[in-house]
Participant: 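Quick one: this structure, given as structure tokens, is what I'll be asking you about.
When a ligand or atom number is given, it counts from 1 through the structure's own listing order.
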Amino acid sequence: MEKVIVIRYAEIHLKGKNRGYFERLFGVNLERALKGIRHELHRTSGRYLVAGYPEEMEEEIFTRISRVFGVHSYSAAYRVPNDVESIVEAALLVAPEEGTFKVETHRADKRYPLTSMQLNALVGARILEKRRLKVDVHAPQRTVYLDVRENGTALIFGAFEEGAGGMPVGSAGKGLLLISGGIDSPVAAHMIAKRGMSVKYLHFHSYPYTNDGAKEKVVDLCRTLAPYTGTRVLQTVSVTHIQEEIHKKCAPELNVTLLRRFMFRIAERVARHESAKCLITGESLGQVASQTIEGMTSSNAVVTLPVLRPLVGFDKDEIIIRAKKIGTYDISVLPFEDCCTVFLPDFPAIKPKLSFIEEEEAKLDVEALTKEAMQTLERIEF
Ligand code: ATP
Ligand code: MG
């Protein structure tokens with residue numbers, strides 16, 4: 001008898017001809033999540049099994065698996081040869097000491113000599129010989145699950161833990177997230193990664209107006225997201241000189257709008273370098289002055305890559321609930337200056353006209369400023 005962890009995949013089975021590709025990618029992601037823990041990962045039909053791990057690492061493995069997208073559910077199980085005696089022995093380890101229970105069999109091996117009903121009855125009866133329990137097939141306090149596999153083994157377990165769902169990261173290409181130190185953009189990363197997109201990070205700072213603490217905070221956010229996204233690199237670019245130029249030459253109510261356009265231009269260049277196929281932001285419609293359809297239109301106008309805004313229809317409190325769930329909230333609320341707040345105007349334009357924006361922007365050497373910003377590109381591995 002051997003302890004294993006059974007991992008069932010989520011939507012992968014929907015993918016028809018691509019199934020093999022999805023399964024392999026999922027396996028790669030599981031391996032990455034389990035890095036540093038001794039284990040073997042086996043693929044059986046419709047499942048992955050983690051075996052050969054140190055007992056004391058089981059909780060840690062659960063935690064890590066719970067953050068891998070594509071996992072539908074997982075269970076700690078006993079793997080035994082599929083003869084009745086071995087199954088009963090393991091079933092007794094899973095069955096409760098008191099109360100009500102039932103046995104529920106799933107046969108992947110349809111040639112197994114006993115039907116599911118026969119196995120339920122037989123194993124149930126053997127458990128009843130040893131324990132003072134009651135069978136309740138409708139609402140048992142505990143279920144003993146038997147999964148008869150095709151390779152002469154059976155898996156016996158007592159619970160299904162819910163997985164993170166979604167698609168394996170990497171199955172939907174790559175995108176570049178504009179990550180601030182705020183609450184929203186990390187949540188956007190999580191949502192997009194859940195749909196299978198591999199997320200790269202880009203952060204803009206205004207050193208020396210913003211300090212190392214602000215940068216460290218963003219690294220911390222990325223580190224917290226890493227178990228979900230798999231990414232361990234953050235790129236940063238300084239926009240200080242751009243903000244100073246805008247401040248000096250342009251209408252103050254357009255500060256945020258103009259800076260946003262520079263951010264998008266720079267992000268697009270970084271994205272092309274990374275073979276990322278889209279930009280991702282944490283914008284949500286109407287949340288702040290720049291997050292109007294006019295504001296979004298003005299930023300979209302300077303790039304050709306699509307811009308994904310997964311939070312566009314969310315209220316702040318919905319976003320906060322998610323941020324707390326994924327563990328980024330407490331970091332996001334730490335009080336460090338974000339570059340946007342440094343030159344914040346008293347009255348930002350809520351519905352800036354594109355013609356006015358372009359007029360004001362014409363006072364700047366856009367290409368030179370963008371190039372200069374690209375020179376400050378840094379990679380932080382964490
Ligand atoms: P967040 O909570 O993500 O900071 P926010 O509600 O504060 O968002 P804004 O400051 O308007 O909203 O930023 C909107 C989006 O623009 C952010 O979600 C992020 O994608 C991007 N962004 C803003 N500031 C930066 C920055 N310093 N570096 C990278 N991206 C940024
Ligand atoms: Mg912000």
Participant: Is I319 near ligand 1, meaning one of its heavy atoms is under 4.0 Å from it?
Facilitator: no

Participant: Evaluate whether atom CD of E162 has more than 12 neighbouring non-hydrogen atoms of other residues, nucleotides or ligands under 6.0 angstrom away.
Facilitator: no

Participant: Assess the residue pair R379 and T236 against the criterion (side-chain hydrogen bond (donor to acceptor under 3.5 Å, both in side chains)); give the C-alpha distance rounded to whole Å, side-chain angles, the decisive distance to 0.1 Å, and a yes or no.
Facilitator: CA-CA 7 Å; R379 278 175 80 83; T236 66; over 6 Å; no

Participant: Under 4.0 Å from a heavy atom of I183: give me the atoms of ligand 1 that qualify, with their elements.
Facilitator: 2 (O)

Participant: Out of F26, F22, Y74, which residue meets the ring pair (Phe, Tyr, Trp, His ring centres under 6.0 Å) rule with Y9?
Facilitator: F26

Participant: Of all the heavy atoms in H205, does at least one lie under 4.0 Å from an atom in ligand 1?
Facilitator: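 Not so, H205 does not reach ligand 1.
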
Participant: Check L177 against ligand 1 and report side chain, backbone, both or neither, counting heavy atoms closer than 4.0 Å.
Facilitator: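 The answer is neither.
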
Participant: For ligand 1, note which part of V256 has a heavy atom under 4.0 Å away: side chain, backbone, both or neither.
Facilitator: neither

Participant: Is the closest N or O pair between L178 and ligand 1 shorter than 3.5 Å?
Facilitator: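 There is such a contact, yes.
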
Participant: Any heavy-atom pair between the side chains of R269 and K371 that's under 4.5 Å?
Facilitator: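 Heavy-atom side-chain distance check passes, below 4.5 Å.
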
Participant: Do any nitrogen or oxygen atoms of T281 come within less than 3.5 Å of a nitrogen or oxygen of ligand 1?
Facilitator: no

Participant: Please report whether ligand 1 has a polar contact with I280, defined as an N or O pair separated by less than 3.5 Å (distance criterion only).
Facilitator: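 Among all N and O atoms of I280, none is under 3.5 Å from an N or O of ligand 1.
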
Participant: Suppose I only count heavy atoms of E283 and a 4.0 Å limit; which atoms of ligand 1 are within that range?
Facilitator: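 Taking each heavy atom of E283 in turn, ligand 1 has 14 (C), 15 (C), 18 (O) under 4.0 Å.
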
